[in-house]
Every structure is written in C-alpha cells, then in structure tokens.
Visitor: 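So that we are looking at the same thing, I have put the structure below in structure tokens.
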Amino acid sequence: MQALIEVILPVFLVLGFGYVVVWRGLFSDTGVDALMIFTQKFAIPVLLFRAISTLDLGQNFDVNLLLSFYTGAIAAFAIAILGARYLFRRPWQDSVAIGFIGLFSNTLLLGLPITERAYGAAALAPNYAIIAIHSPFCYGVGITAMEIVRNRGNGVFSTIRAILKAMFSNALVIGILLGFAVNLSGLPLPAPVWDAIDLITRAALPAALFGLGGVLYRYRPEGDLKTIAFVCSISLLIHPAIVWALGSTLGLGTGQFRSAILTAAMAPGINTYVFANMYGVARRVAASAVLLGTTASIFTTWVWLAILP
C-alpha cells in the first residue's frame with residue numbers, strides 16, 4: 001500500500017487531473033493539443049537530449065540490459081500480431097497495428113516518473129539507455145512490418161523510404177541523435193544553454209502527464225473489448241514477465257533489472273494510437289488500449305513494485 005501511495009498515486013493524480021479538467025470543460029481540446037505538441041515535439045526531445053548528452057555510454061549501454069528488454073518487446077509484438085490474426089480474425093494490417101500496441105510501452109510519460117519516484121533520480125540511467133533507442137527501434141520494427149504487409153510485391157526501396165521518413169522526422173529521434181552527437185563529440189555547451197535546457201526538462205514530464213490525461217478523455221472504449229483486454233495483458237504482464245526471465249538469466253544488476261521490468265510493465269504509449277492513425281487501421285483498439293491499459297497499470301505496477309528486489 002505504501003508503494004501505491006508514495007510512488008504510483010502522485011503520477012496518476014497528475015494524469016487524472018488532466019482528464020477531469022478536460023472532461024469538465026475547464027481545459028479545451030485545442031489547449032490539450034497545444035500542450036502535447038509542446039511536450040512531444042519540444043520538451044521531451046530536450047529531456048532526452050539532456051539525458052543522452054551526459055550519459056556514460058560505456059557504463060549504461062549494457063548489451064544484456066537492451067537484449068532483455070527488446071527481446072521481450074519483439075516477443076510481445078509477435079504474440080499480439082498472431083493473436084489478433086488467428087484468435088480475433090483481424091486483417092493483417094490491423095494485426096500489425098495491434099502488435100505495435102504490445103511492442104510500444106509508455107517508457108517516457110509513465111516509466112520515467114514511476115521509476116524516479118520508486119528509486120530516485122539516480123536510478124534512471126538504465127531507463128535512458130532503453131529509451132535512447134526505443135522510438136527508433138519500435139517505429140523501425142512496426143513500420144517495416146506494416147510496409148511489408150502493405151507493399152507485398154511493390155519493391156524494397158519504397159518500403160525503405162517509408163521507414164526512414166517516418167523515423168527521422170520524429171522529434172524524439174532527433175533529440176536522441178543530437179544527444180549522441182554532443183556526447184560522442186565532447187562538444188562543450190555554455191552554462192546558460194544548459195540552464196535553459198534544465199528549465200525545459202523540469203516542465204517536460206509534469207506537463208506531459210497532465211496533457212496525456214486530457215488526451216485519454218477522448219479515447220473512451222467503444223467495442224472490441226476482448227481484443228483490447230488481450231493486448232493490454234500482453235503489454236502489462238507478458239512483456240515484463242519475459243524481461244524478468246531474460247534479465248534473471250543474463251544476470252542484470254539490481255538497478256538495471258528494476259528499470260527493465262518497470263519500463264516493460266508500462267501501459268501502451270500514445271504513440272500506438274499515432275501509429276494506428278497513421279495507417280488508418282485498428283484505431284479504436286489502439287485508443288481504447290491506451291486508456292484501459294493506463295488505468296489497469298495503476299494496479300499491475302503496484303504488483304511489480306511489490307515483487308521487485
């Protein structure tokens with residue numbers, strides 16, 4: 001109960017506050033959109049730039065950490081695709097979009113604040129190592145699978161162009177790449193620049209959580225409940241369980257193990273709806289999975305925190 005109150009509840013209270021004020025008409029849809037543009041295209045990319053530019057790459061980019069997390073993510077992606085196709089008889093394009101829901105956990109808006117509240121800011125280095133390649137990896141996998149399904153027989157080059165365009169026009173990816181550039185080059189930035197960056201990063205997560213609450217108000221469940229429950233179970237339970245097994249086998253350190261499990265255990269991220277909307281398939285499943293998965297994660301995260309070392 002203490003973990004629920006001290007770690008999880010404050011995060012979801014901020015998110016719930018955003019939901020309630022939009023529901024009651026105290027904050028407009030255009031305001032929510034503007035806030036999410038600020039956080040997704042500016043504040044969070046700056047946060048990622050700040051984290052990656054100062055991260056000890058040799059110490060934190062551990063192969064076993066990334067292998068544990070991303071093997072679990074790929075397994076969740078495959079299970080969700082096959083379940084959507086063969087259990088629920090969805091078309092292949094729908095199935096890939098549903099697979100993306102199992103693949104793309106909310107590593108930023110939920111994973112970072114919950115890990116920080118549970119274990120402190122010093123515990124976030126493994127989170128940032130995972131997040132550094134999360135968007136490029138997941139979009140690369142998802143777009144590749146979708147373009148293969150959509151363009152069967154149309155040639156490889158059109159598929160490659162679609163993948164590269166989607167990945168390198170993403171603000172999160174750009175922030176990560178700039179962070180790597182500063183880190184690897186050793187480029188010194190003036191102190192006032194770092195101070196300005198720090199001001200933006202302090203606003204990033206609270207504003208994003210508030211905005212996410214407003215966004216989730218739009219995505220109320222509308223049917224497909226069995227499919228939604230299936231993919232949420234994969235995201236909240238199966239993905240972290242696979243990571244637990246792999247992390248134990250590969251001997252991850254306690255801090256790495258905690259970050260990998262909590263990051264894997266987060267609800268589907270809003271990017272799962274962005275991906276479904278981009279292709280015009282399974283949008284209702286994606287939107288409802290974000291809302292219901294985020295709600296259910298209040299309780300599943302509590303369980304994972306209780307059993308973690």
Side-chain angles (χ1 to χ4, degrees), residues 1-17 19 64-65 68-80 83 98 101-124 126-127 130-131 134 205 209 212-213 216 221 225-270 272 285 288-309:
M1 181 62 72
Q2 184 178 0
L4 177 64
I5 295 172
E6 294 183 357
V7 177
I8 303 171
L9 193 57
V11 172
F12 285 97
L13 282 175
V14 175
L15 189 150
F17 183 50
Y19 187 100
N64 290 337
L65 170 67
S68 298
F69 181 85
Y70 285 105
T71 300
I74 287 292
F77 180 62
I79 294 167
I98 291 168
I101 299 170
L103 173 70
F104 203 106
S105 52
N106 199 337
T107 59
L108 275 171
L109 304 190
L110 296 180
L112 276 181
I114 287 175
T115 304
E116 182 176 11
R117 291 197 62 81
Y119 304 113
L124 292 179
N127 290 63
I130 291 169
I131 291 168
H134 191 250
L205 291 178
L209 282 171
L212 179 60
L216 290 180
L225 289 179
K226 290 182 180 179
T227 307
I228 294 164
F230 169 76
V231 76
C232 285
S233 297
I234 291 171
S235 183
L236 299 176
L237 302 174
I238 294 177
H239 183 185
I242 294 171
V243 175
W244 187 296
L246 290 171
S248 300
T249 302
L250 295 174
L252 293 184
T254 300
Q256 292 177 324
F257 191 76
R258 289 169 172 170
S259 291
I261 297 299
L262 283 180
T263 304
M266 292 301 102
I270 199 70
T272 59
V285 175
S288 298
V290 173
L291 176 59
L292 295 180
T294 301
T295 304
S297 69
I298 297 174
F299 306 101
T300 56
T301 303
W302 184 17
V303 173
W304 288 115
L305 281 169
I307 64 176
L308 277 169

Visitor: Within this structure, what is the CD1-CD1 distance for the pair Ile98 and Ile234, rounded to the nearest 0.5 Å?
Guide: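 Spacing of CD1 (Ile98) from CD1 (Ile234) equals 9.5 Å.
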
Visitor: Ignoring hydrogens, what is the shortest heavy-atom contact between Ser297 and Thr300? Give both atom names and the distance.
Guide: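 Between these two residues, the closest heavy atoms are CA-OG1, 3.1 Å.
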
Visitor: Measure across Ile228 and Ser288 and return the closest heavy-atom pair with its distance rounded to 0.1 Å.
Guide: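 In this case the closest contact between Ile228 and Ser288 is CD1-CB, 3.3 Å.
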
Visitor: Could you work out, with ring pair (Phe, Tyr, Trp, His ring centres under 6.0 Å) as the rule, every residue matching Phe230, not counting sequence neighbours?
Guide: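 For Phe230 the ring pair (Phe, Tyr, Trp, His ring centres under 6.0 Å) partners, ignoring immediate neighbours, are Phe88.
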
Visitor: What pair of heavy atoms forms the shortest contact from Leu236 to Gly293, and how long is it?
Guide: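 Shortest heavy-atom contact: CD1-O, 3.8 Å.
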
Visitor: Would you give the length of the straight line joining atom NE2 of His134 to atom OG1 of Thr107, rounded to the nearest 0.5 angstrom?
Guide: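 Going from NE2 on His134 over to OG1 on Thr107, the span is 4.5 Å.
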
Visitor: I'd like to check Ser68 versus Leu252 (side-chain heavy atoms, cut-off strictly below 4.5 Å). Are they in contact?
Guide: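 With C-beta onward as the side chain, the pair touches.
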
Visitor: If you define the side chain from C-beta out and look only at heavy atoms, does anything of Leu305 sit under 4.5 Å from Leu262?
Guide: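 Result yes, sub-4.5 Å side-chain heavy-atom pair found.
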
Visitor: Not counting sequence neighbours, which residues clear side chain to side chain contact (heavy atoms under 4.5 Å, CB included) with Ile74? List them please.
Guide: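 Only Phe137, Val141 meet the side chain to side chain contact (heavy atoms under 4.5 Å, CB included) criterion with Ile74.
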
Visitor: Quick one: are Leu205 and Val14 in side-chain contact, heavy atoms under 4.5 Å?
Guide: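 The answer is no; the side chains never approach within 4.5 Å.
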
Visitor: When you measure from the side chain of Ser235 to the backbone of Cys232, do you find a donor-acceptor pair of N or O atoms at a distance under 3.5 Å?
Guide: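 Not at all, since once roles are kept as given, no pair shorter than 3.5 Å links the two residues.
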
Visitor: Could you report the tightest heavy-atom contact between Pro126 and Ala123, atom names first, then the distance?
Guide: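 Heavy atoms only, the tightest pair is CD-O, 3.3 Å.
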
Visitor: Give, for atom CG of Leu308 and atom OH of Tyr119, the distance between the pair rounded to the nearest 0.5 Å.
Guide: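 Here the rounded value is 4.5 Å.
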
Visitor: How far does OH of Tyr19 sit from CG of Leu15, to the nearest 0.5 angstrom?
Guide: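 Here the rounded value is 10.5 Å.
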
Visitor: Can you list the residues that meet the side chain to side chain contact (heavy atoms under 4.5 Å, CB included) rule with Leu124, with sequence neighbours excluded?
Guide: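 Side chain to side chain contact (heavy atoms under 4.5 Å, CB included) list for Leu124, sorted by chain: Leu112, Thr115, Glu116, Asn127, Tyr128.
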
Visitor: Is Tyr70 reaching over with its side chain to a backbone N or O of Ile130, donor-acceptor style, under 3.5 angstrom?
Guide: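 A pair under 3.5 Å: yes.
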
Visitor: Check Val290 against Gly269 and note the closest heavy-atom contact, atom names and distance.
Guide: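 Result for this residue pair: CG2-O, 3.5 Å.
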
Visitor: Can you name the nearest heavy-atom pair linking Met266 to Leu110, along with the distance?
Guide: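 Closest approach of Met266 to Leu110: SD-CB, 3.5 Å.
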
Visitor: What donor-acceptor contacts under 3.5 angstrom involve side-chain atoms of residues 239-251, with partners at least two apart or in another chain?
Guide:
from: His239; atom 1: NE2; to: Phe69; atom 2: O; distance (Å): 3.4
from: His239; atom 1: NE2; to: Ala73; atom 2: N; distance (Å): 3.3
from: Ser248; atom 1: OG; to: Trp244; atom 2: O; distance (Å): 2.8
from: Thr249; atom 1: OG1; to: Ala245; atom 2: O; distance (Å): 2.8

Visitor: Give a yes or no on whether the backbone of Thr263 and the side-chain of Ser105 come within a donor-acceptor separation of less than 3.5 Å.
Guide: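 Yes, Ser105 side chain to Thr263 backbone: donor-acceptor pair under 3.5 Å.
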
Visitor: First locate atom OG of Ser233, then atom CD1 of Ile79, and finally report the distance between them rounded to the nearest 0.5 Å.
Guide: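 So the gap between those two atoms works out to 11.5 Å.
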
Visitor: Could you check whether any side-chain heavy atom of Trp304 comes within less than 4.5 Å of a side-chain heavy atom of Ile114, counting everything from C-beta outward?
Guide: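 A side-chain contact is absent here, since even the closest heavy-atom pair is not under 4.5 Å.
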
